Amino acid sequence: MAIIEVNGLRKAYGGRPVVDGISFAVEEGEIFGLLGPNGAGKTTTVECVEGLRTPDAGSVRVAGLDPVADHRRVTGLLGAQLQESELQAALTVREALELYHGCYPRPADWRPLAERLGLTAHLDTRFGKLSGGRRQRLFIALALIGGPRVVVLDELTTGLDPRARRDTWELIEDVRDSGVTVLLVTHFMAEAQRLCDRVALLGAGRVVALDTPAGLIGRSAGATVISFVPSRPLDDRELAGLPGLTAVGQQDGRVVVTGTDETADATVSLLARHGITARHLRITDATLDDAFLDLTAREA
Amino acid sequence: MTAATPTTPASPATPGGAPGPVGRPAAAWRAVLRAEARLFRREPLALFWIVLFPALLVTILGLVPAFRQPQAELGGRRVIDLYVPVAVLLALILSGLQAMPPVLAGYRERGILRRMSTTPVRPGALLAAQILLHGAAALGSAALSLTVGRLAFGVALPRQAPGYLLALLLAALAALGAGAGVAALSRTTKIASAAAGAVTFPMMFGAGVWIPVQAMPDLLRSIVSGTPFGAGAQALGQAAAGDWPSWSHLGVMALWAVVLTGTASRWFRWA
């Protein structure tokens, strides 16, 4: 049962379409990622889900409700962390947590949430004096404070140091494991790869691809890269015949072969047949980064 | 660890299309009021202008010896007798038009309203909290001006107290309504300050800050009577003198209060 349904969503600003017919459905209890370059329409799409913007065309449903027409009911079950927002500068962390706690019909206890996000030592610090990373953690806490069924996180770990980022990822996984659905907007491939059950890749206001992170990586060209220093020179023509090959070249004295898993196997057996030893052999799987660049480039 | 993870509020027996909880408007309003009250107390400069400045003005004017002499052209009253009611109206203007609009416009400009709009709280709750706080400060300031006038300069307290209080409340609602309207229609703090300034000066003139309304020529006074503060100044003057304020003045203020507050709540938007 999909808890978020987006169908044929369109939104234009000043005649320029930003979201141009986006459809996807998020199942209850999954972490669903929206990925894409700047200007792909990610934030506008989630703003329509949050009811902050009214779609020009198409429909958005959260738990079967229209986020604009039924704003109060939707806001009661959806927690949001916005890409850009502020709180009153003179409000302390504790007061902000209490304020937002009071805004919801069935809120979660804010103390363990603050503890989990490392805010306990800063409860009496005013928002205006918080560092960027702590502000971000406070906003994550505020997104979760209403005890939501759905959380929408736009640029979750922007401004966080690597440690805080990993802690936050763990928190989001726990949130998902407690049955909450997560819609995640991100630029950060490692984040999508680590967290997302499924990812919609957006480009120029459309869904370019929608799959699991592993599926997206497999779909892109140049999935596997094999590089090595051969013990004696190797005929390029031999390499050119490898199955699944997408590219072959030299880089700093290393032979670099790009292709699929099959290419990797064939390269190893080719070297064995010729009695060539591959020194410093490295086989790397392509990352979501590569898939992202490849799939968005094809679209452009 | 798991204690920190939020619980799913909706029961699993009501999947998908089940409506979400409608919320606890009263509790949400209290939470907003509490937070805004704390923030309000942390703005000493705004509090100075609203609460202390009008009483300070009364003190300074009262220290001028000539202003403590009865004047034949004022019907035997002293200038200070006329300026205490002016200070009372000034408190309402400073609170409603100078202090409140920039706060709300700043909230909009910095995305504070936008963040709050993703919760079940309605914009009206925040607007009402601001009106209540600024209204309370304005009334406190009015009481302080009356007290200073009475104790330091022997200015008589209003003789028709219920009528005075009614006129004061209506004038406060008109001032706060005007401020809320400005805040509702201004996208940025700059626009709000400029618009509030443009409204403030006619209001102050109407209140008699430069020429007491009672001392104005007839034609000017009848024009000014149509403004909330022109009507307010005269209603307060009547009540101070011991008469029930005339219904036309009370009606003018009530009409302004309703129209302005209505405009504000109709047009006040989160983002």
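A note on names: the letters A, B, ... follow the listed sequences, proteins ahead of strands, and every chain is numbered from 1. These numbers were taken from a predicted model, which means no experiment stands behind them.
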So, the part of Arg176(A) with a heavy atom under 4.5 Å from chain B: the answer is neither
Counting only heavy atoms closer than 4.5 Å, note whether Glu173(A) contacts chain B via side chain, backbone, both or neither. neither
Residue part contacting chain A, namely of Arg34(B), when any heavy atom lies under 4.5 Å: side chain
With a 4.5 angstrom heavy-atom cut-off, could you sort out which part of Glu43(B) is near chain A: side chain, backbone, both or neither? neither
Minimum heavy-atom separation for Leu82(A) to Arg115(B), with atom names? CD1-CA, 4.0 Å
Does Arg122(B) make a cation-pi contact with Phe268(B), if we ask for NZ or CZ under 6.0 Å from the ring centre and within 45° of the axis? no
Okay, side chain of Ser95(B), backbone of Ala91(B): is any donor-acceptor separation there less than 3.5 Å? no
What part of Leu78(A) gets closer than 4.5 Å to chain B, counting heavy atoms only: side chain, backbone, both or neither? backbone
Less than 4.5 Å to any heavy atom of chain A: does that hold for the side chain of Arg110(B), its backbone, both, or neither? both
Please state whether the rings of Phe24(A) and Phe32(A) are parallel, tilted or perpendicular, taking 30° and 60° as the class boundaries. parallel
Do Ser85(A) side-chain atoms and Ile112(B) backbone N/O form a donor-acceptor pair below 3.5 Å? no
